[in-house]
Amino acid sequence: MSAPLRQGELAEATVVPVALGERAYDIAIGRGLLASLGARIKALRPGAKCAIVTDTTVARHHLAAAEASLTAAGIASARIVVPPGEGSKSYATFQQVCEQIIAARIERGDLIVALGGGVIGDLAGFAAASVRRGLDYVQVPTTLLAQVDSSVGGKTGIDSPLGKNLIGAFHQPILVVADTALLDTLPKRDFRAGYAEVAKYGLLGDAAFFAWLEKNWQGVFSGEQSAAREHAIAVCCRGKAGIVARDERETGERALLNLGHTFGHALEAAAGFSGRLLHGEAISLGMALAFDFSARKGLIAAAEAERAEAHLAAVGLPTHLKDNPGGMPGVDRLMDLIAQDKKVKRGALTFILVRGIGQAFVESDVDPAEVRAFLTDKLSA
Ligand SMILES: NC(=O)c1ccc[n+]([C@@H]2O[C@H](COP(=O)([O-])OP(=O)(O)OC[C@H]3O[C@@H](n4cnc5c(N)ncnc54)[C@H](O)[C@@H]3O)[C@@H](O)[C@H]2O)c1
Ligand SMILES: [Zn+2]
């Protein structure tokens with residue numbers, strides 16, 4: 001669906017609605033859309049001031065353009081710039097961001113703009129949920145992962161020293177502006193890692209989209225062929241928007257978005273959440289393991305698991321534990337980390353398994369011994 005151009009908008013957008021009743025909002029997707037940010041905000045909240053939260057890397061590339069768009073629409077803005085990386089999802093940085101929002105006199109009726117990847121979206125979104133018991137905010141995602149996943153759905157938060165994302169709130173944005181041109185400055189490795197989440201939408205619920213990706217992934221990676229990139233991002237956003245609209249608080253279906261994440265989080269934790277293993281790389285390994293494990297349980301044919309892995313490998317993502325850039329953890333350590341995962345209930349493990357490409361389901365009764373035997377085999381392969 002293409003929205004008509006309004007004054008001040010320079011590029012045509014694909015608009016994906018997130019149907020959440022009084023919390024409904026639009027995701028606008030398109031190349032060059034950052035220039036329309038100010039006009040879009042002004043249309044939604046006339047007279048509001050903004051505080052832009054971003055990291056130093058994103059600020060270097062894109063802050064001036066974001067500020068220029070707000071200024072052109074007559075919107076006053078403050079800037080809050082934090083260091084890049086997962087380390088900023090901390091109590092200390094959260095405190096600084098909240099204090100700077102208050103110091104900038106951002107009040108009820110004003111807006112926070114999260115300009116960055118998933119780290120900034122989660123951090124700024126949680127600050128927005130917290131300051132004055134809740135300010136509205138706008139997501140301007142600048143990584144592929146953030147454009148297809150973290151900016152949509154309202155999960156916000158920071159990390160505890162005891163685990164990732166343990167402190168947070170559900171707080172939906174009022175608008176998401178995904179300018180696909182911002183991804184041109186993203187390092188290739190980060191783009192590729194984000195692509196694991198793109199493939200995830202096909203693998204979990206959309207076999208036709210997965211087949212399309214098998215043919216068109218090069219167009220998604222290349223900035224010039226933005227039609228393919230935009231199409232992929234829009235399909236992912238539509239997929240996530242549908243799931244979130246049906247299960248906002250993850251009591252059921254939303255858990256499917258965790259395909260590959262139980263194994264993946266354990267691998268990330270084993271690598272110490274360092275840059276050695278990016279989240280998307282861990283999810284690629286995790287999805288390959290989830291498909292393998294499903295094949296081992298007789299839920300799918302081995303060839304189906306091979307097809308899923310072959311595509312992830314074709315784009316350069318890791319699919320074998322021996323290729324894990326985070327190193328080879330031991331099975332005891334992995335089982336400990338899996339058991340710490342929030343999806344453990346009464347001794348049984350919950351995994352997202354598959355009955356085929358595009359047919360994921362929640363299995364909440366997985367025997368830990370079976371997982372241990374599987375991982376032992378995989379680690380020795
Ligand atoms: N809320 C959710 O639903 C949800 C979902 C998935 C992931 N997450 C969270 O997202 C985070 C990961 O997000 P991420 O992968 O976007 O990481 P990130 O925000 O750390 O960004 C990755 C790196 O790319 C840089 N960068 C960002 N945009 C850039 C651009 N356009 N050009 C050049 N450099 C750029 C950043 O400075 C950073 O160094 C994790 O904390 C994860 O928990 C949240
Ligand atoms: Zn993920």
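Since this is a predicted model, take the numbers as computed values, not measurements. We count ligands from 1, going down the list as the structure has it; atoms in each ligand are counted the same way.
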Inset, instruction - Give the residue and atom name of whichever protein heavy atom lies nearest to atom 6 (C) of ligand 1, and the separation in Å to one decimal. - result: Asp149 OD2, 3.7 Å

Legend entry - Nearest non-hydrogen protein atom, atom 41 (O) of ligand 1: Glu86 OE1, 2.6 Å

Legend entry - Passing option when Pro84 is tested against Val58, Ile120, Asp55 for side chain to side chain contact (heavy atoms under 4.5 Å, CB included): Asp55

Inset, instruction - From the options Gly121, Gly153, Ala59, Ser150, select the one whose nearest heavy atom is closest to atom 4 (C) of ligand 1. - result: Ser150

Inset, instruction - Considering only non-hydrogen protein atoms, determine which one is nearest to atom 36 (C) of ligand 1 and report residue, atom name and distance to 0.1 Å. - result: Asp55 OD2, 3.4 Å

Legend entry - His61 to ligand 1, any heavy atom closer than 4.0 Å: yes

Inset, instruction - Would you mind checking which non-hydrogen protein atom is closest to atom 23 (C) of ligand 1, with the distance to 0.1 Å? - result: Asp190 OD1, 4.0 Å

Inset, instruction - Please write down residue, atom name and distance for the protein heavy atom closest to atom 18 (P) of ligand 1. - result: Val119 CG2, 3.9 Å

Legend entry - More than 12 heavy atoms from other groups under 6.0 Å of NZ on Lys164: yes

Legend entry - Contacting atoms of ligand 1, where contact means under 4.0 angstrom from a heavy atom of Val58: 26 (N), 27 (C), 28 (N), 29 (C)

Inset, instruction - Quick one: give me the number of protein N/O/S atoms under 2.8 Å from the Zn ion (ligand 2). - result: 3

Inset, instruction - Considering only NZ, NE, NH1 and NH2 on the basic side and carboxylate oxygens on the acidic side, decide whether Arg372 and Asp332 come within less than 4.0 Å. - result: yes

Inset, instruction - Using side chain to side chain contact (heavy atoms under 4.5 Å, CB included) as the criterion, point out the one residue from Leu20, Val138, Leu175 that pairs with Tyr25. - result: Leu20

Legend entry - Close side-chain approach of Phe351 to Val371, heavy-atom, < 4.5 Å: yes

Legend entry - Salt bridge present between Arg40 and Asp26 (N-O < 4.0 angstrom): no

Legend entry - Proximal candidate to atom 42 (C) of ligand 1 [heavy atom criterion; set Lys164, Gln139, His279, Glu268]: Lys164

Inset, instruction - Go through the side-chain N and O atoms of Thr142 and His62 and say whether any donor and acceptor fall under 3.5 Å apart. - result: no

Inset, instruction - Write out the residue and atom name of the closest protein heavy atom to atom 39 (O) of ligand 1, then the distance separating them to 0.1 Å. - result: Pro84 CB, 3.9 Å

Inset, instruction - Answer with yes or no whether Glu197 contacts ligand 1, where contact means a heavy atom under 4.0 Å from a ligand atom. - result: no

Legend entry - Shortest protein heavy-atom distance from atom 34 (N) of ligand 1, along with the residue and atom involved: Thr57 CG2, 3.8 Å

Inset, instruction - Check whether any heavy atom of Lys240 sits under 4.0 Å from an atom of ligand 1. - result: yes

Legend entry - ligand 1 to Leu182 polar contact by distance, N or O atoms, under 3.5 Å: yes

Inset, instruction - Please determine if Lys155 and Glu250 form a salt bridge, counting it only when a charged side-chain N lies under 4.0 Å from a carboxylate O. - result: yes

Legend entry - Numbered atoms and elements of ligand 1 in range of His62, under 4.0 angstrom, heavy atoms: 31 (N)

Legend entry - Close side-chain approach of Leu34 to Val177, heavy-atom, < 4.5 Å: no

Legend entry - Contact check, side chains of Leu337 and His265, non-hydrogen atoms, under 4.5 Å: no

Inset, instruction - Give the contacting part of Val152 toward ligand 1: side chain, backbone, both or neither, where contact means a heavy-atom distance below 4.0 Å. - result: neither

Inset, instruction - Measure Asp122 to ligand 1 on non-hydrogen atoms and call it side chain, backbone, both or neither using the 4.0 Å cut-off. - result: side chain

Legend entry - Criterion side chain to side chain contact (heavy atoms under 4.5 Å, CB included) against Ile52, the qualifying member of Leu70, Leu37, Ile80: Leu70

Inset, instruction - Flag Ala146 as yes when one of its N or O atoms lies below 3.5 Å from any N or O atom of ligand 1, and as no otherwise. - result: no

Legend entry - Any Phe263 side-chain heavy atom under 4.5 Å of Leu375 side chain: yes

Legend entry - Of Arg189, Arg192, Arg276, the residue whose pairing with Glu281 passes salt bridge (charged side-chain N to carboxylate O under 4.0 Å, His left out): Arg189

Legend entry - Pair Glu370 + Arg296: basic N to acidic O under 4.0 Å: no

Inset, instruction - Could you find the nearest protein heavy atom to atom 24 (O) of ligand 1 and give me its residue, atom name and distance? - result: Leu186 CD1, 3.9 Å

Inset, instruction - Evaluate the side-chain proximity of Leu267 to Leu321: yes if any heavy-atom separation is below 4.5 Å, no if none is. - result: yes

Inset, instruction - Just go through Thr185, Leu145, Asp159 and tell me whose heavy atom is the nearest to atom 7 (C) of ligand 1. - result: Leu145

Inset, instruction - Kindly say whether the aromatic ring centers of Tyr201 and Phe209 come within a distance under 6.0 Å. - result: no

